[in-house]
Every structure is written in structure tokens, then in C-alpha cells.
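Just below is one structure, and these are the notes that go with it.
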Number of protein chains: 2
Amino acid sequence: MARQKKFTTQELFQMTKALLLEHGYEGFSISTLAEKLNVSRGTIYKYFENKEDLITEYMLYEMNKYLEELKEIHQFATFDEQLDFLLDVMFRNQELQKLIEMGRDIPVQDNEKAKLNHEKLEAKHLDLYNNLLSVVRLGQKQGKVRERIPEPLVLGFIFQSIVIPNHFGVPYEEWVKSIKDVIRHGMFKRLN
Amino acid sequence: MARQKKFTTQELFQMTKALLLEHGYEGFSISTLAEKLNVSRGTIYKYFENKEDLITEYMLYEMNKYLEELKEIHQFATFDEQLDFLLDVMFRNQELQKLIEMGRDIPVQDNEKAKLNHEKLEAKHLDLYNNLLSVVRLGQKQGKVRERIPEPLVLGFIFQSIVIPNHFGVPYEEWVKSIKDVIRHGMFKRLN
DNA sequence: AGTTAAAGTGACACAAACGTCACTTTATAT
DNA sequence: ATATAAAGTGACGTTTGTGTCACTTTAACT
């Protein structure tokens, strides 16, 4: 009964991601998105009310995928394994980290649907946060993580480490290994 | 011989900074800046050719102040003192960190003057980078910093730690102290 | 008081993005 | 083959921002 679509939801979201990373939230335009998809602007407006709607919708999509992936963490019993798994997933989704920070300060407009999406997104954030928190607490319980460090800082540290820009092109494996190491043991030598 | 200015360069740059942080590079507009300064757009164009010119000019101004402040580091002889001083300066200029990252990917346009400013900025970055690198190397020489960690990562770690968002409002003193601590010794307990 | 020149203005022509909607295209179900 | 409805189009009016420039304002020097 219907005509063939010129793009899949996947393609649309992927392009959205690329444009968001390249131009930031305010620099993102539906015009450019339509152009990149070889489609007229009107087409996009068939599916989304406006930019805010589109982007919150996209963010939800990403968050869901991300949380899905993170769920697997419960397969691991020890903190060490969990942390390792966590860092791997986060490295694999590095760009997402930037998008999440970005999504945090999208101005909330008039739009009804977008307001709803914002709340849903906030819930997902909380979900993510609690997931990670449970890892940290396990670490403390298993006597691995120092208890003096404020929990939000532990999480913040992990989040930020992931997105350190590798401007000098250190080989990926070495880069990841070193970061995991510094997160655990810091930059200083042990004094004996 | 001349009329009174309605704003100082300082005020202009301060407003520029605020708007950049709020809206990002692409979201920044000369219209808004003029409005915030209670001045017509034409006035801004008396001093700057366009947005790119203005922003690179502003970045240079910030970088110069920053580097000036960092110079004092040579008053300290030991790595420990230098690192402490470094982190304090960086904390005091936290927002600048975000601006620097932002400045890194401003698209270079046609504009002649802006191109020049870009090169100057690049030079300042290098200057900053080398300053920090000398601290790290001192640390390695004085047997404090582990030598296995790639140098760019050490720097990246410091840069990123500074800007961890304190979403949960941990008191400033504790926050800073903890970060300095984690940078040095990591999140893990020492195993004995 | 009159002259000067820096400082500021606001209107103009242009470009980019917005959101809407009557209309066209086309795969499929009958 | 033809009716259907989802998919896509493109023109229209609006808003926001751009860069320019002839003009006005005003502090200070003579």
C-alpha cells in the first residue's frame, strides 16, 4: 500500500549523530540533514515535529541501545571483570559520551512531545547512572576502590577518561590499556 | 577628540566567553552579542570583520592571559610543587579548558585575518603543550611519574580531570583535593 | 564656539533555516 | 487496471542572522 522509503530510521539516526558531533546542537539543522539523506525537508517533517523532537528522539534511541549493551554487565561477578567490561563498552561508544554531555543542556522549548522526551531521557540518564554506581559500590565492597573518593567523582573520572582526545595518535590498544591502568593506579610511582 | 565607548574590550570578551560557553561556536551570533552589550550590530563590526575574526581574537586574548599565569610555574623547583601549582591554575580557569577544545575545531574560512589568527592560536597551543610537557618530564626525571604511560595521555588525563562536571555539588575543596589525589594514585587501593 | 574624528546607529539587500501544506509519486492489495 | 495511502516534493511566508555604509552623536582640543 505504500511507497518505498528513501532511508531507514537507522540511516537517519546515524546521519543525525554525525551532524551533531560535527556541528553541535545549535549548529545542527534539518536542512542539512535532509540534504545529506537526499530528501526534501518536508520529508523529515513528516516524521518529526522539529529539531528538538528529532534530536531527543534520537538520543532516546541511542540511550536504549547503550543501556541494553550495558545490561550484560550482570554476567560478571567480580568488580575487576565488571570494570573491564564497562570500560570496553564505553570505549566502543566513545562518541556517545560527548552526545550525552551535549544532550544535558538542550534548552527545553515550548514543544509538548519534546518535553516528554526530555523526561524520558532524564530517566535513562538516571538508569545509566545507577548502573555505574552499582559497579562502583561493588568495587568498594570487594575492597578494591578507595572509599575516600566521592562516588560522583569516581564516575566522573571514568566518563572523562573515555573521551580524552588522542591527538597524537597513540595506537588504540596501548591507549586503552594505559587509560585503564591510570584509572586504577594513577600517574605516580609507588613509593616503597 | 573621541566619544566615550559604551563597553570595554574586557566586557566584550567576557560576554563573548559567556555566549560561547552557552551556545557553542556555531550557536554564537554577533546579533546576540551586540544585544547583550546594549549596542547595535554595526558597532561590533567597527572592531571585528566577522564572527570568526572576533572569536579567534578573543581566544588569543584568553590564551595569552593563561600562558602568562602559567609562566609562574618556573618559580617552583620540585615536580610536586609544580604539579600542585599547575592544577590550581587549571582549576581556576576551568571553563577555558572547554573553550580551548572548542577552538580546536573552528572551521577555517576564507577570511585573511582569521587565518593568521588561527596560526597564532596554534602556536599558543603548542606553547601551552610544551609548558605542560616540561612538567611531566620533570616528574619522570625526579622519579615521580610512571614512565610507562604515554606522555600525551598524562597530559590528556590532567586536562580532562579538570573539567569533570560536578553535577552533584560536592564541596569545591573536597572535589579539588580528591581529583588531585586520584590523578596521582588512582582509584584503587594499594594491595599489600 | 567651532572643528574634528572616534563611536555609534539603523536601514538595506542578502542568505539560511524554519514550519506548513496542497500536491505528486508509487508500491501494493483488491 | 485501478484505488489506496504512505512517502516524498517544492513553493510560500516567516524569522534570524549577515555584512555594509551613509549618516548622526558627542567628547575634547583649539
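Quick caveat, the model's predicted, so the values are computed rather than measured. Sequence lines set the chain letters: A, B, ... in the order given, protein chains first and strands last, and positions in each chain run from 1.
Map V39(B) and R41(A) each onto its nearest nucleotide of DNA chain C; the residue landing nearer the 5' end is V39(B).
Using a 4.0 Å cut-off, some side-chain N or O of T43(A) falls inside it from OP1 or OP2 of dT9(D).
For Y45(B), the listed nucleotide lying nearest its side chain is dT18(D); candidates were dT18(D), dC18(C), dA27(C). Relative to the side chain of K5(B), the nucleotides dT9(D), dA11(D), dA7(C) differ in distance, and dA7(C) lies closest.
Note: NZ (K113(A)) to P (dG19(C)) measures 13 Å, nearest angstrom. Atom CZ in F48(B) sits roughly 17 Å away from atom C1' in dT18(D) (whole-Å rounding). Rounded to an integer number of Å, the gap from D53(A) CG to dT20(C) P is 11 Å. Computed from coordinates, the N38(B) CG to dG8(C) P distance equals 12 Å when rounded to whole Å. Residue L33(B) contributes atom CG, which lies 14 Å from atom C1' of dT18(D) at whole-angstrom precision. Summarising the geometry, the separation between CD on E49(B) and C1' on dG19(D) is reported as 11 Å, rounded to the nearest angstrom. Going from atom CZ of R3(A) over to atom P of dT26(C) covers 5 Å, rounded to whole Å. Per the geometry, CD1 belonging to I30(A) stands 15 Å off C1' belonging to dG8(D), to the nearest Å.
Aromatic pair Y129(A)/F168(B): centroids less than 6.0 angstrom apart. Remark: aromatic rings of F188(B) and H185(A) are close, center separation under 6.0 Å.
Y47(B) comes within 4.0 angstrom of the backbone, heavy atoms only, and of no base. Residue S29(A) is classed as a sugar-phosphate contact, given heavy-atom separations below 4.0 Å to backbone atoms only.
Contact check on D84(A) versus R184(A) returns a salt bridge, with a Lys/Arg side-chain nitrogen under 4.0 Å from an Asp/Glu carboxylate oxygen.
Between the side chains of E11(A) and Q14(A), no donor N or O sits under 3.5 Å from an acceptor N or O.
A pairwise comparison of heavy atoms in E52(B) and V108(B) identifies OE2-CA, 3.7 Å as the closest pair.
Residue K46(A) places a side-chain atom within donor-acceptor reach of the base of dG8(D), judged by atom type and a 3.5 Å distance cut-off alone.
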